[in-house]
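I have placed the structure first, in the form of structure tokens, so that the comments after it can refer back to it.
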Amino acid sequence: MFVFCIDTLKGNNHGKYFANSLVAGIFAGIFPVILCLAAIPFLSSCANSSIAPAGGAKDTIAPVLLKMSPAQKTVNFKGREVVFTFNEYVQLKDQSKKFVVSPPLPEKKPLLKIRGKSVAVKFPSLADSTTYYLDFGTSVVDVNEGNPAKYLNFIFSTGSVLDTLVYAGRLVDAFTFEPVDGASVFFYEENLDSIVYLKNPSALSVADKEGAFIVKGLKNKPYKMAAVADKNMNMRYDAGAEALAFADSLILPLNLTESDSLEFRSLPLFKTFEEKVKRQSLTEYGRPQPRLIILAFNETNAVIESFELNGVEPSKIITERAPEGDTVSYWITAREAADTIEAKLIYLKTDSLNRLAPDTVKLKFTNEKTAKRKPKRTSDRDRNKDKNKDKNKDKDKDRDKEDDEIVPIEPAINAHPSRVAERNISLSFDTPLLRADPSKITLSKLDGKEKTPVEFTLSRDSVRLRNYVLQAKWEIASKYEMIILPEAFVDIYSVTNDTITKAFETADPERFGKLTLALASDPHSERQYIIQLVKDKNTVQEKKVKGDKSVVFMYLDPGKYRVRVIDDANGNGKWDTGSYREKRQPERVEFILFADDDEFLEMKSNREIEHTVQLGN
């Protein structure tokens, strides 16, 4: 695992508060004395009236539980109803999502009914010799301001034994480390991998807004654990459609006593991820331009054995695959293309046995522009209607003329000051180029009215077919001018550019911040790490490193940043999600801790920060 300068990973900014509320939540219903002590700050000024005084202060007091019938921790329960009575009138809110019964009932859910100041839970049936745990979450609120009752839960047994073991943990997104709110946490007594797809859990809980969960009423035995973003609430894991976290090994519940306590940040961490279900298929195809055809697949790196366009010579086709690998574009370089092009595609598709096998698909691509303008005559009435359209023929001709006009190509030029010094200038084109002639481009450094020629190189991006990079030895805080003459760029349709003038400047380092990370690890290790600088949940810069090196992030705008470290185990240069089928966790991610155990680093203008990070296997 990663070992940083500070070996405790900060979960979020609510750790200190939640440490107390978590203890109270765990012991509620098991150790009432602890609940009362922990809840004193919330209950010390309880109101007895159910109606707020007219014109008085806003009601912020939660409903207070006065009585449970039967009593908490009842054994040999034979009834069909549990009643909770409060000090004021209450109502239910989002009970279908917030109210949990563990273990879940096999058929119908319990019925919740409001009776004035009471909430009644009616059970259709209960299993023999079973411990049940009811957790209302925040579903019971007062009628005035919707203040939720806190730590409202109930545990009882239909047999003579009350199972009181518990397990607590927290859920975070495997990549962002944001807490996962509302996910269902399932515990299974059976140790079967397929059980998450097939059966209800033996016990369950729901994670709160901090990602914390508590499973109660557990037996003294190991459990299989999985957490699911159960969107359809079927208490199953729907692979590919729902996020999942799972424990690598069986989990043993805890036998907590009144003297035990739990710290939020010490809770076991489970990381949720969205599993990629590899079922390769063609999902979409189209012809957005007369000489451009696109195929889209639901998986990256689709294997295409052949793709034939009737009436188009293979030498007149340029193939472009998106960096993500799930979209393939076919550019037709012929001067003209038929209004309708039929095609035959042979590619590897996932069959019913989840195997890749060749599949042949016949496709038809229609020129959308001409298709929209061709009238469909199906009756004499339609022919009469066409007469009324004669007056619009001139407009149609003008529009066709506009469509046939050749529009000079003009690249999108990214010359942002902070980008130029770090990553040079990028030029992006709408169509692939036939050639690029650097001799028709001049680059000059400006000093008042004087222009000094600057040497540069122009090369095509190694990944993106329609992107080019202009590199030079840039001077900081300087002004430049780039002039692109006609025919510097010619696309596959022999269309060229007009004269383009672009003025830009390089950044002044004093206006930006700089972060240097000294990565301490085995200098001989070939393990690759991806270091990402994150601002407002967006990755603004990224570096890939191996061994014992330093990483420098320059030209940072003032603001708060986080640094994410990805253990790129397979060395493919990107973060890879996990797989429940393969019992593989997502690639490990950590956020570096800075001063005061804070993930966030405040960057200011003309500020340089150095930080040491220990990386380990």
Side-chain angles (χ1 to χ4, degrees), residues 287-294 312-323 327-337 369 401-507 555:
R287 189 180 178 185
Q289 300 177 24
R291 289 179 284 183
L292 173 60
I293 286 174
I294 293 179
V312 182
E313 297 180 15
S315 61
K316 299 293 184 181
I317 300 174
I318 293 178
T319 303
E320 177 188 13
R321 188 180 287 267
T327 303
V328 185
S329 301
Y330 296 89
W331 298 89
I332 302 173
T333 62
R335 288 187 174 274
E336 295 183 358
K369 290 184 178 180
K401 184 178 180 180
E402 291 175 1
D403 291 338
D404 293 336
E405 288 181 355
I406 297 177
V407 179
I409 61 176
E410 184 173 355
I413 302 174
N414 188 342
H416 188 275
S418 62
R419 177 192 168 88
V420 173
E422 282 279 280
R423 291 168 287 171
N424 298 289
I425 295 176
S426 71
L427 300 91
S428 304
F429 297 84
D430 292 332
T431 54
L433 296 187
L434 186 64
R435 64 178 180 271
D437 187 354
S439 68
K440 297 184 182 298
I441 302 174
T442 60
L443 179 65
S444 303
K445 182 176 178 294
L446 305 180
D447 187 4
K449 294 183 178 180
E450 292 185 8
K451 294 184 179 181
T452 304
V454 177
E455 293 184 359
F456 67 91
T457 60
L458 181 70
S459 58
R460 194 172 74 179
D461 189 286
S462 59
V463 177
R464 293 171 174 81
L465 176 67
R466 291 175 283 127
N467 284 17
Y468 284 73
V469 178
L470 188 147
Q471 295 176 294
K473 293 183 178 180
W474 309 104
E475 296 183 20
I476 63 174
S478 300
K479 294 183 178 181
Y480 291 85
E481 181 184 68
M482 178 172 62
I483 299 177
I484 304 174
L485 298 177
E487 298 186 358
F489 303 111
V490 180
D491 72 6
I492 57 176
Y493 305 131
S494 298
V495 179
T496 185
N497 59 283
D498 284 341
T499 299
I500 301 171
T501 301
K502 176 70 174 180
F504 59 94
E505 61 185 60
T506 54
Y555 301 104

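Everything quoted here is computed from the prediction, not taken from an experiment.
For the pair Asn414 and Phe504, the minimum side-chain heavy-atom distance is 4.5 Å or more. By the 4.5 Å heavy-atom criterion applied to side chains, Trp331 and Asp491 are not counted as neighbours. A heavy-atom distance below 4.5 Å is not found between the side chains of Leu443 and Glu455. Tyr330 is not listed as a side-chain neighbour of Val312, based on a closest heavy-atom distance of 4.5 Å or more. Considering only heavy atoms from C-beta on, Leu292 comes within 4.5 Å of Ser329 through its side chain.
Taken from CD1 in Ile492 to CG in Leu434, the straight-line distance is 8.5 Å, to the nearest 0.5 Å. With rounding to the nearest 0.5 angstrom, the CG atom of Leu465 is 9.5 Å from the OG1 atom of Thr319. Rounding to the nearest 0.5 Å places CD of Gln289 at 8.0 Å from CD1 of Ile294. With values rounded to the nearest 0.5 angstrom, Leu427 atom CG is found 5.5 Å from Ile484 atom CD1. The distance from the CD1 atom of Ile332 to the CD1 atom of Ile318 is 11.0 Å, given to the nearest 0.5 Å. Atom-to-atom distance recorded for Lys440:NZ and Leu458:CG is 14.0 Å, nearest 0.5 angstrom.
Closest approach of Asp437 to Ser439, counting heavy atoms only: OD1-OG, 2.5 Å. Between Pro486 and Asp498, the closest heavy-atom pair is CG-C, 4.3 Å. Phe456 and Pro438 get closest at one heavy-atom pair: CZ-O, 3.7 Å. Between Asn497 and Ala488, the shortest heavy-atom distance links the atoms OD1-N, 3.2 Å. Considering every non-hydrogen atom in both Pro290 and Ala337, the closest pair reads O-CB, 3.9 Å. Closest of all the heavy-atom pairs between Ile441 and Leu470 is CG2-CD1, 4.4 Å.
Remark: side-chain polar atoms of Asn424 are not paired, donor with acceptor, to backbone N or O of Val469 under 3.5 angstrom. The backbone N or O of Ser426 lies less than 3.5 Å from no partner atom in the side chain of Asn467, so there is not a single donor-acceptor pair. Panel note: side chain Thr496, backbone Phe489; a donor-acceptor pair is recorded below 3.5 Å. In this structure, the side chain of Arg291 engages the main chain of Arg335 through a donor-acceptor pair within 3.5 Å. A donor-acceptor pair under 3.5 Å links the side-chain atoms of Thr506 to the main chain of Ala477, judged by distance alone.
Open room surrounds CZ on Arg464; 12 or fewer heavy atoms of other groups in view lie less than 6.0 Å from it. Open room surrounds CG on Asp430; 12 or fewer heavy atoms of other groups in view lie less than 6.0 Å from it.
The salt bridge (Lys or Arg N to Asp or Glu O under 4.0 Å) test with Glu481 is passed by exactly one of Lys451, Lys449, Lys502: Lys451.
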Test side-chain contact (heavy atoms from CB on, under 4.5 Å) on Ile500 and Glu410 and set out the steps.
CA-CA 8 Å; Ile500 301 171; Glu410 184 173 355; 4.1 Å; yes

Margin query: Walk me through whether Ile413 and Ile425 qualify under side-chain contact (heavy atoms from CB on, under 4.5 Å).
Written below: CA-CA 7 Å; Ile413 302 174; Ile425 295 176; 3.8 Å; yes

